[in-house]
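The structure under discussion appears below in the form of structure tokens.
Counting from 1, the numbers follow the sequence of the chain as shown.
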Amino acid sequence: MEALNKEMVISEIEKLRNEIRHHEYLYYVLDTPKITDAEYDVLTLKLRELEACYPEFITNDSPTRRVGGGVSSSFTEVQHLSPLLSLGNVFSLRELEDFERRVHSEFTPETLIEYVVEPKIDGLACSLIYEKGQLVRAATRGDGVVGEDVTHNVRTIKSIPLKLRVAPGAEIPELLDVRGEVYMPRVAFMRLNAERADKGEAEFANPRNAAAGSLRQLNPEVTAARSLGFFAYAVGTGAKPYHAESLAMLTAYGFRVSENWQKVQTISEVWHLIELHDKKRRELAYDTDGVVVKINSVEQQKTLGATGKDPRWAVAFKFPPEQAETTVKDIIIQVGRTGVLTPAAVLEPVRLSGSTISRATLHNEDFIKEKDIRIGDHVIINKAGEIIPEVIRVVTEKRNGQEQPFIMPSQCPECEWEVERKPGEVAVRCSNPHCPALGREGLIHFVSRDAMNIDGCGPAVINQLIAKGLVKDPADLYMLTKVELLQLERMGEKSADNLLAAIEESKSRTFDKVLFALGIRHVGAKVARILARRFGSIAKLKAAQMEELSSIDDIGPKIAESVVSYFAVPLHEDLVQRLSEMGLNFMMPETEIIDINHVFYGKTMVFTGTLPTLDRTTAQNMALAVGAKVASSVSKKTDYVVAGREAGSKLVKAEELGVKVLSEQEFLALVQE
């Protein structure tokens, strides 16, 4: 290439970058391309050639840097700047009106409340961090507080700007936290499934699953080939005073924002927009599963705060699930990790909500009897929450007398031990602690994302490890060698190295994750965290008595009995010992352990009004961190009310009931003791 002086090189490179960014914006955000794909490729090739000759001028925001960084062995956890809250669901106009009443109860009658209504994109929530206009980090929602770093993969999505579009002379934000949804267009989804079918690979159930699987690929080049898109729908850090202003700002910065959002002032207007979208949503190029309703004023959002992980200033209206008719070909039994025998219907395949359904859960023996479901029946199915296929009813008028009633087996189909059903329970359970199904399902649970999160160790790999006698319980995973892994089908050297690295990396999981991974009956992720923070170590938890466990809020006698029973089994005692020897964490960090002597421990607290320095969600999280319970309304059971400016009816009721009222300053002083 002919030599150029430094100024000319920089000028030409920047000119090409801006031209490519402009055409990417036209194509991937506005859907109005002005040049052909061939012309776009020529521009990109010119830029690549220049950057190859002058690598000292390559920058991270260059369009050529969208795919880069090599293949990752795992995804690291990152903490969000502020929580990514999930949304509570409503399903009717009455529930929307209830939401409206709850909102208005926090303000004076003359306060103007505006709503912003947006389609709910059916994808994967993601947070994008921009520093001085450049994308520096992207993370999945995770548990709302901590997500997975997927920056390399997000950089491949061409509707996401690597550098914000800022008008000449306009101020570039120091820090901007953009929230949105990664999705897969329907056309791309059908093309991907056709390609996987040709290769003999399992097809994705729906576009949302395909988007989630694509974003979590270890190789960014695979993600780049999946044609993912991104809709921005909110701003965390860097938000404008009104949500509608933030959406306009996101559009100006070059993000794709739903063109169907509107600002209104009444729930009747909200309902009208919901009905319109329900009629038009199937014409869109992507899936939506509802409509999101948000309070427009950020100040009012702060006043309303959140309950748990759900904001009280927003709600998702979910469209009723689609239904389909099919035939029950058989009823089979699946044995779960806790030994529960769960019946499932094998169905004549039928299309429903964009995916092919061939199985549906039947929950338990009583569910089958109540609905009188028989093998050979015609049934109506839907997707509960548009995710889990479920039988709604039997089409009894189509019976021909050949249908066969289902009888629950008296023996476990996996180990042939007798099953039992305890009085007062609907579950039929295998009581054999050595049942192979318990081991298999327990291992699948142990490596799952919410537990030890061992990437690359899904059910197919677990089944092979068990079949070859390489693994019997979770501790065996930590003794696997590369030579052993290479015995597995479709396991190459790179995959084996990645899996071993993921297993080793899982040793960094905190005690609450390990406790959840053990699969103790009734101990979900939330209960595991409560127990881990309350006792601090496995030794103290094992020594806890029924009475002490039962007295803990959100635990109760059923969970307490399950925990005590688990540690009384020598097999479990041995597993915990071996996992500890392998280097897993069975102690919480000192800063995470709850002090039961704290003044707020076990107390019920209500927050109302606008606090001087804290937003309500932050204040509530501080209370929860020291063992308090946060409620949304004041009652005789309330111990403290933390009141800010313009505190309304809650403060009045607290004073009437004689509840202790704290200012923000008093709250901070006590919470930090």
Q: For Tyr242, enumerate each residue passing the ring pair (Phe, Tyr, Trp, His ring centres under 6.0 Å) test, keeping only those at least two apart in sequence or located in another chain.
A: none
Q: Using only heavy-atom distances, determine whether the side chains of Asn453 and Ser506 contain a donor-acceptor pair under 3.5 Å.
A: no
Q: Check whether the ring centres of Phe255 and Phe231 lie less than 6.0 Å apart, and answer yes or no.
A: no
(Q) Minimum heavy-atom separation for Ala232 and Leu250, please, with both atom names. (A) CB-CD1, 3.9 Å
Q) Do Val154 and Leu128 come close enough that some side-chain heavy atom pair is under 4.5 Å? A) yes
Q) Distance only, no hydrogens: is a donor on one side chain within 3.5 Å (strictly under) of an acceptor on the other, for Glu118 and His243? A) yes
(Q) Could you work out, with ring pair (Phe, Tyr, Trp, His ring centres under 6.0 Å) as the rule, every residue matching Phe446, not counting sequence neighbours? (A) none
Q.
Looking at every heavy atom in both Val461 and Met491, which two are closest together, and how far apart are they?
A. CG2-CE, 4.4 Å
Q: Determine, for Phe230 and Arg256, whether the Lys NZ or Arg CZ falls below 6.0 Å from the six-membered ring centre while staying within 45 degrees of the axis.
A: no
Q) Between Phe607 and Val630, is a side-chain contact (heavy atoms from CB on, under 4.5 Å) present by the stated rule, with each step listed? A) CA-CA 8 Å; Phe607 293 79; Val630 174; 4.3 Å; yes
Q.
Tell me if the aromatic rings of Phe317 and Trp271 count as close, with their centers under 6.0 Å from one another.
A. yes
Q: Give a yes-or-no answer on whether the side chains of Asp149 and Thr151 include a donor-acceptor pair shorter than 3.5 Å.
A: yes
